[in-house]
There are 2 protein chains.
Amino acid sequence: MSDDRLSRVFSALADPTRRDIVARLATGDATVNELAAPYDVTVQAVSKHIRVLEDAGLVSRSRDAQRRPCHLEGEVLDLMTRWIERYRREAEDRFRRLDTVLEEMADGPAEGPAEKEAAS
Amino acid sequence: MSDDRLSRVFSALADPTRRDIVARLATGDATVNELAAPYDVTVQAVSKHIRVLEDAGLVSRSRDAQRRPCHLEGEVLDLMTRWIERYRREAEDRFRRLDTVLEEMADGPAEGPAEKEAAS
DNA sequence: AGGTTAATCAACCACTCGGTTGAACAACCG
DNA sequence: CGGTTGTTCAACCGAGTGGTTGATTAACCT
């Protein structure tokens, strides 16, 4: 469902230039030309980058005469952190459980095989 | 510096299959064949996916006879959350500041132009 | 040793991606 | 109105990606 969205967000941030743009937008809105200035690529390339970020829902754009100021949408970042944190926590918990098992094994060695979760 | 690493991690998680693999590994280590089972792609394709995750530092592999069990490395996820949280927080703070400015403007309308951060 | 199982390597294909150049809108300025 | 500025569209290119099939390595089992 939001699988597609998540893919787009991760994919968008996989590019260093795009991450840089996000970082700059975090300090304030900016136009395409302003955003393009620091890089030695064409403004069209940057425009494409911004499009990608927009499609991912990371930036929104308003209109000011010919200019199209870009604005960072922070909520989507939450979506990512939620995804990441979930599995980081699971892995951590599992690690802690395993740790406990090892301690128990150290106490009373030969017992039940504890856990054997197949992944089928 | 860790820019390259960050790109690899985001890029690795941009693929739904790879995110799924990470999710499954969060519940316990697994071999390539076990991980490949649920998908209708070849085991070679899954092997490649795991390679990408390994290069990103997201999984490590040990050896058990012919098998090479995959293990999720949670620390790298921290790297990502730190990056994300940093800019999310910046954007949030800026938003809050802007909010304050708007409130001040509502109080005493015609005053100083407050802030005008150009992004050059 | 011979055979089976687990995983990877190698070559290839369709497709996407980041970049380019050149043209086209779109809205301002004089 | 004509010209300039800001941005996008269109077509193209080289490199990378996810997938395939086929062969190969590595370690197990009799």
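We name chains A, B, ... by the order of the sequence lines, and we start the count at 1 in each one.
One atom, CG of A:Asp64, and another, P of D:dT5, lie 17 Å apart when rounded to the nearest Å. Nucleotide C:dG18 holds its C1' atom 19 Å from the CZ atom of B:Phe10, rounded to whole Å. Distance CZ (A:Arg67) to C1' (C:dC28): 8 Å, rounded to an integer number of Å. Going from atom CD of B:Gln66 over to atom P of C:dG3 covers 17 Å, rounded to whole Å. B:Leu53 places its CG atom 13 Å from the C1' atom of D:dG18, with the value rounded to the nearest Å. B:Arg68 has its CZ atom 17 Å from the P atom of C:dT5, to the nearest Å. If you measure from atom CG of B:Asp55 to atom P of D:dG18, you get 12 Å, rounded to the nearest angstrom. Look at CZ on A:Arg18: it is 12 Å from C1' on C:dT16, rounded to the nearest Å.
Proximity of A:Ser47 to the phosphate of D:dT8: a side-chain N or O atom is located under 4.0 Å from OP1 or OP2. Close to D:dG16, at under 4.0 Å from its OP1 or OP2, lies no side-chain N or O of B:Arg8. For the OP1/OP2 pair of C:dA7 and a distance below 4.0 Å, the side-chain nitrogens and oxygens of B:Thr31 include at least one atom meeting the criterion. OP1 or OP2 of D:dG19 lies within a sub-4.0 Å distance of a side-chain N or O belonging to B:His49.
By the 6.0 Å contact criterion, CD on A:Glu92 is enclosed, its count of non-hydrogen atoms from other residues, nucleotides or ligands being greater than 12.
Taking 4.5 Å as the limit, every side-chain heavy atom of B:Arg86 sits out of range of all side-chain heavy atoms of B:Arg82.
Between the side chain of B:Arg88 and the backbone N or O of A:Gly74 there is no donor-acceptor pair closer than 3.5 Å.
Applying the side-chain contact (heavy atoms from CB on, under 4.5 Å) test between B:Arg18 and each of B:Val46, B:Leu13, B:Val52 identifies B:Val52 as the sole match.
Ring planes of A:Phe10 and B:Phe10: tilted class, angle from 30 to 60°.
For D:dG6, its base never sits under 3.5 Å from the side chain of A:Glu34 at any donor and acceptor pair. Checked by distance alone, B:Gln44 brings a side-chain donor or acceptor within 3.5 Å of a matching partner on the base of D:dG22.
Heavy-atom distances to DNA chain C give each of B:Arg51 and A:Ala45 a nearest nucleotide, and the one nearer the 5′ end belongs to B:Arg51. Each of A:Asp15 and B:Asn33 was matched to the nucleotide of DNA chain C holding its nearest heavy atom; the match closer to the 5' end belongs to B:Asn33.
Among the nucleotides C:dT8, D:dT8, C:dA11, the one closest to the side chain of B:Lys48 is C:dA11. Distance from the side chain of B:Val43 is smallest to C:dT8 among C:dA6, C:dT8, D:dG19. With C:dA7, D:dA27, C:dT20 as the choices, the nucleotide that has an atom nearest any side-chain atom of B:Arg63 turns out to be D:dA27. Looking at the side chain of B:Thr42, the nearest of the listed nucleotides C:dT21, C:dT8, D:dT20 is D:dT20.
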